Amino acid sequence: MEQHRTRPPSRGATRRDPPPPLPALPSVPPLPPQAAGREERGRRQQPPRPAAPRSGPAGPAGAAGPAPVRPPVGPAGRRVPNPRLTGLGAGLFSSALMFVLGCLDQLLFGSSLTAYSVLFLPVCLLTALWVRGGDLLSAPVVVPIAFTVGLLPVADGGHGFGARLMGLVTALATQVGWLYGGTLMAALTILARGLRRAAARRHAVRARQPR
């Protein structure tokens with residue numbers, strides 16, 4: 001009798017059972033429309049956080065350096081007053097100041113024309129320094145007028161108008177040297193200021209021009 005030979009099954013042909021399925025994750029229910037809208041508005045309204053300032057010397061990459069130190073606000077840190085007067089303001093300032101000085105000269109020095117003329121020089125200098133740049137030419141014009149106004153309480157004369165006028169003309173004639181000297185001082189001061197302004201303007205124009 002013939003015997004049928006049976007072949008053992010190969011290893012590769014063995015049937016493997018499929019792996020068990022993974023357990024399903026619990027699903028998160030979606031937010032309602034109102035809650036989602038509030039969350040989005042909260043994100044938009046939240047301001048960005050400011051960056052922390054860097055301290056230390058500036059590096060080659062352009063890092064921010066230390067903050068500039070401000071000068072102390074005290075008696076040592078105060079600046080010299082530097083007002084700017086218009087042409088009319090310079091005339092009023094010098095005339096009022098010379099009139100006050102004339103009254104003080106009459107009370108303290110007995111109407112001394114020499115003391116009055118000496119006090120006229122610093123008034124001319126202040127007027128030329130404090131007039132603004134656009135009205136520099138007004139300084140040599142207003143200081144002679146201020147000198148004449150200040151002579152009213154100083155000039156000798158009688159009680160009548162004609163006597164007062166003659167005393168004023170006499171005082172102007174005798175003190176004409178001081179008058180010219182103060183006017184020349186004001187003119188030289190505004191000339192120096194004008195040259196300085198012109199040099200600063202030329203320097204600014206050169207700085208704007210591309211190299």
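As the structure is a prediction and not an experimental result, all values here were calculated from the model.
- Screening S95, S138, C124 for a side-chain contact (heavy atoms from CB on, under 4.5 Å) involving V143 leaves a single residue, C124.
- Rounding to the nearest 0.5 angstrom, the gap separating the CG atom in L126 from the CG atom in L121 is 11.0 Å.
- One distance of note links CG of L119 with OG1 of T114; it measures 11.0 Å at 0.5 Å rounding.
- Applying the salt bridge (Lys or Arg N to Asp or Glu O under 4.0 Å) test to pairs two or more places apart or on separate chains, none has a residue in residues 183-194.
- Criterion: ILVMFWY side-chain heavy atoms under 4.5 Å apart, direct or through other members. Under it, F93 and L101 are part of a common hydrophobic cluster.
- Annotation: the span from F99 atom CZ to L104 atom CG amounts to 10.5 Å, rounded to 0.5 Å.
- For V154 against G102, the heavy-atom pair with the smallest separation is CG2-O, 3.4 Å.
- Counting only heavy atoms from C-beta outward, the side chains of D135 and R132 approach each other to under 4.5 Å.
- Scanning both residues, C103 and P153, for their nearest heavy atoms gives N-CG, 3.8 Å.
- For the atom pair CG of L136 and CG of L191, the computed distance is 10.0 Å after rounding to the nearest 0.5 Å.
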When the side chains of residues 176-186 are checked against the rest of the protein, which donor-acceptor pairs come out under 3.5 Å, sequence neighbours left out?
unit_1 : atom_1 : unit_2 : atom_2 : d
T183   : OG1    : L179   : O      : 2.8

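- Taking every heavy atom of both residues into account, I190 and A139 meet most closely at CG2-CB, 3.9 Å.
- The side-chain heavy atoms of L85 and T127, taken from C-beta on, include no pair separated by under 4.5 Å.
- M98 places a side-chain heavy atom less than 4.5 Å from the side chain of V123.
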Report the C-alpha distance between F147 and S117 in whole Å, list the side-chain angles of each, state the deciding distance to 0.1 Å, and finish with yes or no for side chain to side chain contact (heavy atoms under 4.5 Å, CB included). CA-CA 8 Å; F147 186 84; S117 301; 4.1 Å; yes

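- Checking side-chain atoms of Y116 against main-chain N and O of L151 turns up a donor-acceptor pair under 3.5 Å.
- Rounded to the nearest 0.5 Å, atoms CG (L172) and OG1 (T148) are 4.5 Å apart.
- Taking 4.5 Å as the limit, some side-chain heavy atom of L88 sits within range of a side-chain heavy atom of L92.
- No donor-acceptor distance shorter than 3.5 angstrom exists from the side chain of R206 to the backbone of R201, with no hydrogens or angles considered.
- Through side-chain heavy atoms spaced under 4.5 Å, either directly or across other Ile, Leu, Val, Met, Phe, Trp or Tyr residues, F109 is tied to L108.
- Expressed to the nearest 0.5 Å, how far CZ of F120 lies from CG of L113 amounts to 13.5 Å.
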For the pair V205 and R208, evaluate side chain to side chain contact (heavy atoms under 4.5 Å, CB included) and give the outcome as yes or no after the intermediate values. CA-CA 5 Å; V205 171; R208 294 196 200 99; 4.1 Å; yes

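- Closest approach of A115 to D105, counting heavy atoms only: CB-OD1, 3.9 Å.
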